Each structure stands twice: as structure tokens, then as C-alpha cells.
Amino acid sequence: FLKIIAAQTQRLQNLLEDLLSLSRIEQEAETQQIRLEAGPIREVLASAVELCRPKAEEKQIPIHLDCPENLQVPRNAALLEQAVVNLLDNAIKYSPESQPVHLQAFQEGQEVVIRVQDHGCGIPPEHLDRIFERFYRVDKARSRKLGGTGLGLAIVKHIALAHGGRVAVQSQVGQGSTFSIYLPIQSPPDATPRAPARKK
């Protein structure tokens with residue numbers, strides 16, 4: 001009984017943290033408080049990989065990172081890391097043991113694309129249009145078993161929107177899923193610029 005109580009308490013804590021995170025992102029985006037700074041994104045992606053590595057190692061899942069050192073985009077490093085962590089976490093959860101997860105970033109036209117690909121169970125086509133809605137679950141029983149809150153992908157979507165970007169998903173049942181974040185090379189018009197450093 002204590003184990004059940006502890007598990008349910010952890011679920012509630014995760015849910016509250018995700019609700020607060022989503023609310024903060026929406027509020028700061030509306031009030032233009034999210035600061036974007038042009039800079040390389042490889043270090044952001046590498047940090048996300050390190051945060052997810054313990055869970056990946058439990059299932060013997062290698063995470064392959066492919067991102068040019070000089071690839072830059074206006075970004076909020078903390079928020080972008082959170083979005084990538086959410087995508088990697090999902091990829092690890094829904095992948096069988098020893099199947100690799102691929103994280104890559106590249107420039108495509110006037111956008112930088114961050115892509116997370118897994119070889120997991122995949123998503124039926126009828127769910128793809130709603131997968132980024134808050135609390136939407138493809139498999140409710142499995143999501144509860146794996147500890148999901150139903151907010152992870154909604155947070156990813158709102159982080160992308162806060163950057164003036166967008167999200168997309170491609171998936172085939174039994175073959176895996178590919179989630180993509182598209183970020184504009186130029187800062188969105190309503191982005192809050194970084195304050196200039198004061199001269200000493």
C-alpha cells in the first residue's frame with residue numbers, strides 16, 4: 001500500500017509541475033517575457049541528452065546526437081532544453097530495449113529543425129492531429145503505467161510557439177515516430193531581445 005501511495009504521490013507531483021510549467025510558458029509568451037538569444041544549439045541538445053541518459057541506460061537505449069557545432073538559432077536555452085528533454089523522454093518510454101533514439105538538428109531554408117526519432121510502437125494516424133493537445137493520450141492505460149501526465153507534448157508545442165516556431169509529427173504503427181520542432185532563423189517580431197550588457 002505504501003508503494004502505491006508513493007507512486008500516486010509522484011504522479012500528482014509530476015502533474016502539478018507540468019501544469020505550472022505550461023501555465024508559466026503561456027503567461028510569459030503572452031506578456032513577451034521570454035528572452036531569446038542567438039547562439040549555438042548543440043550544447044542545449046547535448047545537455048538534454050545527458051539529462052535523459054540514466055533512463056536510456058536502464059533500457060540499454062543509445063541516444064545518437066547529430067548537430068553541427070556552428071548551427072545557431074535565436075533560442076531560450078532553458079525552455080528549448082525542456083522541450084527536447086520531453087521528446088527524448090517520450091522516445092525512451094515508448095521504445096523497446098536496445099533500440100536507438102536519434103536526435104538531430106539541421107538548417108532547412110529559413111528554419112532550424114530539431115528532430116527526435118524512435119523505433120517504438122508508433123502512433124495510429126487518427127491520433128496524430130490531436131497528439132499535442134493537453135491531456136490527450138493515445139493509450140491511457142499505458143500512459144498511466146509509464147508515468148505520463150498528458151502535458152509533455154503540449155509543453156513542447158507552446159515552447160515552439162514561444163520561439164515563433166511550430167511542431168510536427170510523423171509516425172507509423174509498429175515502426176516508430178519522428179517529432180520535429182521548427183524554429184525560425186530570425187527572432188519573431190514580438191520576442192523580447194536580450195538586454196545589452198552594462199559597461200563597467
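Predicted model only: the values in this text are computed from it and were never measured. All residue numbers in this chain count up from 1 along the given sequence.
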Q.
What's the separation between atom CD1 in Ile159 and atom CG in Leu87, rounded to the nearest 0.5 Å?
A. 9.0 Å

Q. How far does NE2 of His163 sit from CG of Leu36, to the nearest 0.5 angstrom?
A. 5.0 Å

(Q) Please report the interatomic distance CG(Leu45) to SG(Cys67), rounded to the nearest 0.5 Å. (A) 5.0 Å

Q. With sequence neighbours excluded, what pairs up with Arg115 under the salt bridge (Lys or Arg N to Asp or Glu O under 4.0 Å) test?
A. none

Q: Indicate the atoms forming the closest heavy-atom contact of Val84 with Ala48, along with that distance.
A: CG1-CB, 3.7 Å

Q) Once you round to the nearest 0.5 Å, how far does CG of Leu183 lie from CD1 of Ile114? A) 5.0 Å

Q) Do Arg166 and Glu111 sit within salt-bridge range, that is, some charged N less than 4.0 Å from a carboxylate O? A) yes

Q. Can we say Arg42 and Glu69 salt-bridge, meaning some charged N sits less than 4.0 Å from an Asp/Glu carboxylate O?
A. yes

Q. Are Leu51 and Val156 grouped together when hydrophobic residues (ILVMFWY) are joined by side-chain heavy atoms under 4.5 angstrom apart?
A. no

Q. Out of curiosity, Ile123 CD1 to Leu128 CG, how far, rounded to the nearest 0.5 Å?
A. 6.0 Å

Q. Does the side chain of Gln170 pick up a donor-acceptor pair with the side chain of Thr178 at under 3.5 Å?
A. no

Q: Kindly indicate whether the side chain of Leu153, heavy atoms from C-beta on, has any atom under 4.5 Å from the side chain of Val169.
A: no

Q) Taking atom CD of Gln110 as the centre, does the number of heavy atoms from other residues, nucleotides or ligands within less than 6.0 Å exceed 12? A) no

**Q.** Pair Lys55 + Glu58: basic N to acidic O under 4.0 Å
**A.** no

